[in-house]
There are 2 protein chains.
Amino acid sequence: MSPRRIDPKLATALLEAAASLLAEEGAAGLTTRRLAAAVGTSTTAVYTHFGGMDNLVRAMVHEGFARLHRRMSTVRATADAVADVMALGYAYRANALDHPQLYQVMFGSAALGGFALADGDRQHGRYTLQPLVDAVARATEQGRFRAGDPLLVAQNMWIALHGLVSLELGGYLIDPYDADVCFEAQLRSLVTGAGDDHEAAAASFTRARRRRSPRA
Amino acid sequence: MSPRRIDPKLATALLEAAASLLAEEGAAGLTTRRLAAAVGTSTTAVYTHFGGMDNLVRAMVHEGFARLHRRMSTVRATADAVADVMALGYAYRANALDHPQLYQVMFGSAALGGFALADGDRQHGRYTLQPLVDAVARATEQGRFRAGDPLLVAQNMWIALHGLVSLELGGYLIDPYDADVCFEAQLRSLVTGAGDDHEAAAASFTRARRRRSPRA
DNA sequence: TTCGTTACGTAACAGTGTTACTGAATCGAA
DNA sequence: TTCGATTCAGTAACACTGTTACGTAACGAA
């Protein structure tokens, strides 16, 4: 007795359509009916493949974390660990600006109906920090940062970065100090706060600035 | 010709009911019908008094900023301006933790239907930063902070604080470094990044910690 | 008292996520 | 090749949302 097999292509088609719907029309535009219409199927498909809109969004969020991790991993370690830390900051912000709507869903800044991430989902994104933790550890070994737990230092940098990106996407950072100005000031301030020398930080900053990847 | 007068008490009753509904059940629990039922009126009242759910939420947000400003203003200036900066950080976070749902609405971390703040609303909260700007300016005058624009420095501190509160309310900060640990580490890191000496910052930190107001 | 004016209740509309129910498509077994 | 069990997906409904047209009832000035 062999039942009708599930079509895996439909699941990925739903995910892709949901991603583009979210990117183009925002969280409010992502509804089951519009999603089904975009794929050319019925709303029921969402339930057979994902068990509800929540899980579909959850899958999108996981994909978003994977992409963030990939982007952070493209930052190569150099002799200047502090510049690496800053380059990771550039990568983090660039990824968020490339996928603003997805970022806001990933970090709860946009509610999709009554959607809420489970505890497991929040911890899922934790591995994303690893490249930053490594860079902080090397900066500490090189004597640029004060002795301390690299995980705590990296987490605090992530917190500050998230604050900037979150407020930037929300439209809160405007003249006289827009998001660009605040971000670059923040990078220097963060490494100085971690123990780096002010002039050394400035030198690493220009080095990191040269490495930043162009916007997609 | 004198028409039926509007009842101003109904508007405030709606606002109060909306605030408690938001606080107790979150953004998803704040609907026109439940709000009307809580006040003992009909959904139409929301439209005659506010012109829609959006404006009612907007009024709540403005009230939230006013309360934040009041809370920040309770921090008195002392001889230790850096401790004042840190005390303002404590006040900011305490206010957010006292009204978590409102904070998430104020900064776009929770969408109420298709509700979105207008540009004017985002700038409305700007005056809230003034106490922090003043404290930063005094810390700069006292030679604790590097020379620079106090507004930019204060704004970057606000950005970092918002990042922490936002992630804390989202449930992202857990073991091994929970929100308390991150927050206090961040306070010290922020003032160090602004130019303060590491040991002086530690001394100001213990002073500010003693001043923090108890949770409501 | 009368009458114009306006707030508010009722009920509807278009939308949402979700789910019985039903039909159709599929693949393995006979 | 035929058959039939099994599961996907489409239809239509449910309960819910914000919003609004309509009618009623209350109010205050004349």
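What you see below is based on every heavy atom in this structure, not just the backbone, and it leaves out hydrogens, waters and symmetry mates. Letters A, B, ... mirror the listed sequences (proteins, then strands); counts begin at 1. All figures in this text were calculated on a predicted structure; none of them were measured in a lab.
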**Message:** Using only modelled atom types and a 3.5 angstrom limit, is any donor from either the side chain of B:R33 or the base of D:dG18 paired with an acceptor on the other?
**Reply:** yes
**Request:** Please evaluate the base of C:dG17 for a donor-acceptor partner in the side chain of A:T32 within a cut-off of under 3.5 Å?
**Result:** no
**Asked** Okay, side chain of A:T48, backbone of A:A45: is any donor-acceptor separation there less than 3.5 Å?
**Response**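 Flag set: sc A:T48 to bb A:A45 pair under 3.5 Å.
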Value in whole Å for how far the [atom2] atom of [N] lies from [atom1] of [X]:
X: A:L56; N: C:dG17; atom1: CG; atom2: C1'; value: 13 Å
X: A:L35; N: D:dG10; atom1: CG; atom2: P; value: 12 Å
X: B:N55; N: D:dG18; atom1: CG; atom2: C1'; value: 13 Å
X: B:R58; N: D:dG18; atom1: CZ; atom2: C1'; value: 15 Å
X: B:H49; N: C:dT6; atom1: NE2; atom2: P; value: 15 Å
X: B:L30; N: D:dC16; atom1: CG; atom2: C1'; value: 15 Å
X: A:D54; N: C:dT19; atom1: CG; atom2: P; value: 11 Å
X: B:L10; N: C:dT6; atom1: CG; atom2: P; value: 18 Å

**Request:** Give the nucleotide from the list C:dG17, C:dC8, D:dT19 with an atom nearest to the side chain of B:Y47.
**Result:**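 Among the listed nucleotides, the one closest to the side chain of B:Y47 is D:dT19.
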**Asked** Looking at the side chain of B:M53, which of C:dG9, C:dT18, D:dG18 is the nearest nucleotide?
**Response**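 Looking only at heavy atoms from C-beta outward on B:M53, the closest nucleotide is D:dG18.
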**Request:** Indicate, with a heavy-atom threshold strictly under 4.0 Å, whether B:T44 touches base, sugar-phosphate, or nothing.
**Result:**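 Since a base atom lies under 4.0 Å of B:T44, the category is base.
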**Asked** Contact class for B:T31 vs. all strands (heavy atom < 4.0 Å): base, sugar-phosphate, or nothing?
**Response**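 Result for B:T31 = sugar-phosphate.
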**Asked** If you measure from the Lys or Arg side-chain nitrogens to the Asp or Glu carboxylate oxygens, is any gap between B:D98 and B:R67 under 4.0 Å?
**Response**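 Salt bridge: no.
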**B:E16/B:K9 salt bridge by N-O under 4.0 Å criterion** = no
**Message:** Any non-hydrogen side-chain atom of B:R126 less than 4.5 Å from a side-chain atom of B:F65?
**Reply:** no
**Asked** In terms of ring plane angle, is the pair A:Y172 and B:F107 parallel, tilted or perpendicular, where the classes change at 30° and 60°?
**Response** tilted
**Prompt:** Hey, which of these two, A:R34 or A:T43, hits DNA chain C nearer its 5' end, going by closest nucleotide?
**Reply:**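 The residue closer to the strand's 5' end, by nearest nucleotide, is A:R34.
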**Request:** State whether A:T48 places a side-chain N or O below 4.0 Å from either non-bridging phosphate oxygen (OP1 or OP2) of D:dA9.
**Result:** yes
